[in-house]
2 protein chains.
Amino acid sequence: MSKDSRLARMAHVLVHMAFNDGAATSDTIARMLNTNPVVVRRTMAGLRDRGYVASEKGPRGGWRLTRPLENLTLLDVHQALETASVFTIGPSDGHVACAVERMANRAITGALNRASAALEAALGQVRLSDILAEGQALRAAMDQGRPHQCPNAVAAQ
Amino acid sequence: MSKDSRLARMAHVLVHMAFNDGAATSDTIARMLNTNPVVVRRTMAGLRDRGYVASEKGPRGGWRLTRPLENLTLLDVHQALETASVFTIGPSDGHVACAVERMANRAITGALNRASAALEAALGQVRLSDILAEGQALRAAMDQGRPHQCPNAVAAQ
DNA sequence: CAGAATCGTAATAGCCAGAGTTACGTTTCA
DNA sequence: TGAAACGTAACTCTGGCTATTACGATTCTG
């Protein structure tokens, strides 16, 4: 696995959770994501801290959405994950003594900032409910009343 | 060093090279970048392949720009470096059986594509000559006729 | 022609953050 | 009381850039 797929994973899981009656346990979610419960708890922690989900311990415990999918955007989720940096590239490091180097860094940082703003704008436009709204396969699943079933989880049971 | 700083490094070095009379050796460039000549050759290879710089072996050899800074943008340099991926984040991996997951991935990929386009647009707008054009420290250096001197290199000599 | 100057490149090791695991502690319910 | 769940620390593994070492191939100069 080469990239940070937390945003994708959380978007996926949160949509399922919206159609889950009870709380979803870390174990159940882990099966949807083909991973293990510790990774799930670690990743959900940021969402919990922002109040997007709530966790309950003990039997019948697990994770619940605290708001409808319409009130949560990909940007909200992304920011909750507190990704160190969205870019693999960046300015040169350290104490820059060279004026040319400083200017080059500034130019690159400016470009990255614009790209970052574009990314946030794009993510902010996507409500999690939009993910469901698109796609024929999803419509079909909704028509059958089971958009909460993740085949990954089912297969692993 | 946490990030891929090759673009910043190359932008820095190419500007200096434009004011260098002879060829710049990998060793000289390495001093400007606080690294060693092998890293320089490895990084310059992409630029050489695209014809932005030419290398000559043997005594008096080294690297030369093949065109003025006005005809080279940060985007040109960036593309020459063939960065694996500009983003640390991405869609979830593997054979996605879940329709919700596919839709989530699609939404995220769409946002990343827009950000990527914004980045390329921003990088494409910056000619390497623009890096010199801005900044008072650089103007001062140019007035004194030595914008080719990199303090990093000088300090290490 | 000898020898030094340079580039070209393979092979290694280090670093960093996310991912995957194991281990253990805490809370909660029946 | 004991099982179900979350919380979290501590490792290991992985991929890409970086740093180094080691050699080989060219090319100029005396």
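Everything numeric here is computed off the predicted structure, so don't read it as measured data. Naming: A, B, ... by sequence-line order, numbering from 1 per chain.
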Answer yes or no: is there a donor N or O on one side and an acceptor on the other, between the side chain of Asp27(A) and the main chain of Pro37(A), under 3.5 Å?
no
Using OP1 and OP2 only, check whether a side-chain N or O of Arg6(B) sits under 4.0 Å from dT18(D).
yes
Ser5(A) side-chain N/O to dA19(C) phosphate OP1/OP2 under 4.0 Å:
yes
Distance, rounded to the nearest Å, where Arg64(B) contributes CZ and dC7(C) contributes P:
11 Å
Pair Thr73(A), Asp76(A): side-chain N/O donor-acceptor within cut-off below 3.5 Å
yes
Does the side chain of Leu14(B) reach to within under 4.5 Å of the side chain of Tyr52(B), using non-hydrogen atoms?
no
Assign each of Lys57(A) and Gly62(B) the nucleotide of DNA chain C bearing its closest heavy atom; nearer the 5' end lies the nucleotide of Gly62(B)
I want to check one thing: is the phosphate of dA5(D), taken as OP1 and OP2, less than 4.0 Å away from some side-chain N or O of Ser55(A)?
no
Could you state the NE2-P distance from His78(A) to dG18(C), rounded to the nearest angstrom?
12 Å
Heavy atoms under 4.0 Å, any strand shown: does Arg41(A) hit a base, just sugar-phosphate, or nothing?
base
Asp4(B) side chain, from C-beta outward: closest of dG20(C), dG7(D), dC17(D):
dC17(D)
Looking at Asn36(A), I'd like to know whether one of its side-chain N or O atoms comes within less than 4.0 Å of OP1 or OP2 on dG20(C).
no
note: Phe87(B), atom CZ; dG18(C), atom P; distance rounded to Å ~ 17 Å
Given dT21(D), dG16(D), dT18(D), which nucleotide is nearest the side-chain atoms of Ala84(B)?
dG16(D)
Closest-nucleotide mapping onto DNA chain D: is Val38(A) or Thr83(B) further toward the 5' terminus? I mean the 5' end.
Val38(A)
Picking from dG7(D), dA19(C), dC7(C), which would you name as closest to the side chain of Arg9(A)?
dA19(C)
Arg42(B) CZ to dG8(C) C1', straight-line distance once rounded to whole Å
12 Å
Send over the distance from Glu56(B) CD to dG8(C) C1', rounded to a whole Å.
15 Å
Please check if the side chain of Thr43(B) supplies one atom and the backbone of Arg6(B) the other of a donor-acceptor pair under 3.5 Å.
no
Side-chain heavy-atom pair His78(A), Thr83(A) within 4.5 angstrom cut-off
yes
Spacing of Arg9(A) atom CZ and Asn105(B) atom CG [to the nearest 0.5 Å]
11.0 Å
OP1, OP2 of dA5(C) versus side-chain N and O of Thr25(B): anything below 4.0 Å?
no
Atom CZ of Arg60(A) to atom C1' of dA3(D): distance rounded to whole Å?
14 Å
Please report the distance, rounded to the nearest Å, between CG in Asp27(B) and P in dT21(D).
13 Å
Asp49(A) CG - dC6(D) P separation (whole Å)
16 Å
Kindly point out which of dT27(D), dT28(C), dG7(D) is positioned nearest to the side chain of Pro59(B)?
dT27(D)
Does Ser26(A) put a side-chain nitrogen or oxygen below 4.0 Å from OP1 or OP2 of dA5(D)?
no
